[in-house]
Amino acid sequence: MRLSRYYMPLMRETPAEAQIVSHRLMLRAGLIRQMSAGIYAWLPLGKRVLAKIEQIVREEQNRAGAVEVLMPTIQSADLWRESGRYDAYGAEMLRIKDRHDREMLYGPTNEEMITDIFRSTVKSYRQLPLNLYHIQWKFRDEVRPRFGIMRGREFLMKDAYSFDLSAEDARKSYRKMFIAYLRTFARMGLKSVPMRADTGPIGGDLSHEFIILAETGESQVFCHRDLIEMPVPGEDFDFDGDTESVVNQRTSLYAATEEMHNAEAFAALPDDKQVSARGIEVGHIFYFGTKYSKAMGAKVAGPDGTDVTVEMGSYGVGVSRLMGAIIEANHDENGIIWPDSVAPFDVGLIDLKPGDPVTGELCARIYRDLTQAKLDVLYDDTEERTGAKFASMDLIGVPWQIIVGPKGATKGVVEIKNRRTGERAEMTPEAAIARFAAKDM
RNA sequence: CGGGGCGUAGCGCAGUCUGGUAGCGCAUCUGCUUUGGGAGCAGAGGGUCGCGUGUUCGAAUCACGCCGCCCCGACCA
């Protein structure tokens, strides 16, 4: 992408409304624009990152055996009356009426809807286990939206719903999602820690929050140090095999949010293993049994021919919130530092002297070759001053920069810079192209 | 929902107390110079001062009402 033809409105000054670093950087780097309290438009750079995060979530859901669907944002109030949550949910639910005066709502979650789909289409235990998920916009009319996208009213969420014949099978489904989440967040360069959580209004007896440690986290968390560096299962992990040992390895160590914190148990850990930190919740999984299936009559025929009310769980990932969490965990005073896997572009190519045939031709060649190698390159061919170009590229956080200046170009070298470490190296254009084209970054 | 604050050019702000031609910096546009870390000079464009009603010869400024946004707390993916 040539920057001169792209749309990337940056801000040099920090908007007054933004308090936390991810919010400030998202506005300054032109990722989002606020349209209303807690409601944002996604600009091209933000849209690219959102799509990358979404795709990682999707791939890991699929890997764990979940099947993607897409449910509507607008739901009928009738469904929610069946579960009893229409009255229970409160003012966070955005209620609307259509032209026929029918009561509708903008979905804050989809347990009722997926249960309705399930009960009308799945009739036999032979079709279980089943885990359906979708990635869709939700709306919760928070009293006080804040922290930018981290706690907006409209947000993109992946929510999965598992259906099983027995409580034992449901726990197996729960463990698959537990492991899928470990992999999902790790692929985004985040260290997540599963913590025993309160089940809240969704109900149930088994629940974990997945927390990212960050200084600006919204809540206080406590955990065993070993959890932070614990390696996650690889791509070849067998989700139909032994999931218990992976989960047990983690759940056996102390980890709790403030609400669930047990100071005594925490104090019993060796001093050097006690981690008390701030955290951001990016995922939450629940096993809640028959809460909805019972209320809504979601039953299948069991092996003996009699109806069995299915056991359910639900599993959420805050897709849009993750972008804020990633920035909270990956930035410096100059701007964002994207992990490779979610970066809006792989490489930023800077022509320091646009209009100069030597740098121009060199940039054109590098751009063409890297693009052919399937890399996303942001090619700064604008007339900005060099200082402004460096500052912009640093701000938007592209992991690697290739800097083509007139002096180097005549000597036949370009400079590559690592955004995270600041390390620079001079090399021939061929070497630079080979290095990135091999994706050996 | 309780408490506090703010709405003036794209962004950051001054002006409001004490009513009298709407300002500053950055950004934008033009020209010249400059060119490896957010340049200099000269010039230009851009504002229903959140909205409404009232007071007044005259309202960004005073009064009343409304709307929007932010912060602290309670609440939450």
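Just so we're clear, the structure is a prediction, and the values are computed from it rather than from any experiment. First the proteins, then the strands, lettered A, B, ... as listed; each starts at 1.
- Taking the P atom of each, C64(B) and G45(B) are spaced 39 Å apart, rounded to whole Å.
- Counting non-hydrogen atoms under 4.0 angstrom, Glu218(A) reaches nothing in the nucleic acid.
- No donor-acceptor contact under 3.5 Å links the side chain of Arg144(A) to the base of C76(B).
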Checking Val275(A) against Leu227(A) for the side-chain contact (heavy atoms from CB on, under 4.5 Å) test, could you report, in this order, the C-alpha distance in whole Å, the side-chain angles of both residues, the deciding distance, and whether it holds? CA-CA 10 Å; Val275(A) 175; Leu227(A) 281 168; over 6 Å; no
From CA spacing to verdict: side-chain contact (heavy atoms from CB on, under 4.5 Å), Asp381(A), Cys363(A): CA-CA 9 Å; Asp381(A) 57 343; Cys363(A) 284; over 6 Å; no
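- Only the P atoms considered, C13(B) is 36 Å distant from C32(B), to the nearest whole Å.
- Applying the Watson-Crick and G-U wobble criteria (two distances, each under 3.5 Å), G65(B) pairs with C51(B).
- Remark: the separation of the P atoms in G7(B) and C17(B) is 14 Å, to the nearest Å.
- Within 3.5 Å, a donor on the side chain of Glu13(A) pairs with an acceptor on the base of G25(B), or the reverse.
- Side-chain atoms of Lys417(A) and base atoms of G37(B) include a donor and an acceptor less than 3.5 Å apart.
- Put simply, the side chain of Arg424(A) and the base of G37(B) share a donor and an acceptor less than 3.5 Å apart.
- Relative ring orientation between Phe118(A) and Phe163(A) is described as parallel, the plane-to-plane angle staying below 30° on a 0-90° scale split at 30° and 60°.
- As rounded to whole Å, 14 Å separates atom P of C72(B) from atom CD of Glu17(A).
- Put simply, Arg385(A) has a side-chain N or O that comes within less than 4.0 Å of OP1 or OP2 on A39(B).
- Residue contacts for Ala91(A): at a heavy-atom cut-off of 4.0 Å it reaches no nucleic acid atom on any strand shown.
- Partners of Glu229(A) according to the salt bridge (charged side-chain N to carboxylate O under 4.0 Å, His left out) rule, which considers only residues two or more places apart in sequence or in another chain, are Lys191(A).
- Residue Gly90(A) is out of contact with every strand shown, counting any heavy-atom pair closer than 4.0 Å.
- Here the side chain of Arg146(A) is nearest to one of C71(B), A77(B), C13(B), namely C71(B).
- When the C1' atom is compared between G15(B) and A60(B), the two are found 8 Å apart, to the nearest whole Å.
- Rounded to a whole Å, the CD atom of Glu383(A) is 16 Å from the C1' atom of G36(B).
- Asp394(A) comes within 4.0 angstrom of a nucleotide base, judged by non-hydrogen atoms across all strands.
- Between G2(B) and A9(B), the distance separating the two C1' atoms is 36 Å to the nearest Å.
- Classified by interplanar angle (parallel below 30°, tilted 30° to 60°, perpendicular above 60°), the ring pair His261(A)/Phe266(A) is perpendicular.
- Residue Arg33(A) is out of contact with every strand shown, counting any heavy-atom pair closer than 4.0 Å.
- Spacing between G36(B) and A77(B) at atom C1', rounded to whole Å, works out to 45 Å.
- Shown here, C32(B) forms a base pair with G40(B); the pair counts as Watson-Crick or G-U wobble because both key distances fall under 3.5 Å.
- Remark: the separation of the P atoms in G25(B) and C72(B) is 33 Å, to the nearest Å.
- The pairing partner recorded for U16(B) is none, the criterion being a Watson-Crick or G-U wobble arrangement whose two distances lie under 3.5 angstrom.
- Atom CG of Asp141(A) is separated from atom C1' of C1(B) by 13 Å (rounded to the nearest Å).
- Among the atoms of the strands shown, none is found under 4.0 Å from any heavy atom of Gly316(A).
- Checked against the 6.0 Å centroid threshold, Phe286(A) and Tyr174(A) do not count as a close aromatic pair.
- Atoms CE (Met11(A)) and P (C11(B)) sit 8 Å apart, rounded to a whole Å.
- Under 4.0 angstrom from either OP1 or OP2 of A27(B) there lies at least one side-chain N or O belonging to Arg12(A).
- In this structure, of C72(B), U28(B), G36(B), it is U28(B) that holds the atom nearest to the side chain of Glu384(A).
- Taking atom C1' in both A22(B) and G58(B), the straight-line distance is 16 Å, to the nearest Å.
- Ring-base stacking between Phe155(A) and A77(B) is satisfied, the centre separation being under 5.5 Å and the plane angle under 30°.
- The Val143(A) side chain lies nearest to C1(B) when the options are C1(B), A77(B), G38(B).
- None of Glu218(A), Glu142(A), Glu281(A) except one satisfies the salt bridge (charged side-chain N to carboxylate O under 4.0 Å, His left out) rule with Arg151(A); the exception is Glu142(A).
- Annotation: proximity of residues 34-52 of chain A to RNA chain B (heavy atom, distance under 4.0 Å) is found for Gln34(A), Ser36(A), Ala37(A), numbered in ascending order.
- Salt bridge annotation for Arg95(A)-Asp141(A): absent, with no cationic side-chain nitrogen under 4.0 angstrom from a carboxylate oxygen.
- Remark: C1' of C76(B) and CE of Met157(A) are 12 Å apart, rounded to the nearest angstrom.
- Every salt bridge (charged side-chain N to carboxylate O under 4.0 Å, His left out) that Lys353(A) has, sequence neighbours left out, goes to Asp356(A).
- The aromatic rings of Trp137(A) and Trp42(A) sit tilted relative to each other, their planes meeting at an angle between 30° and 60°.
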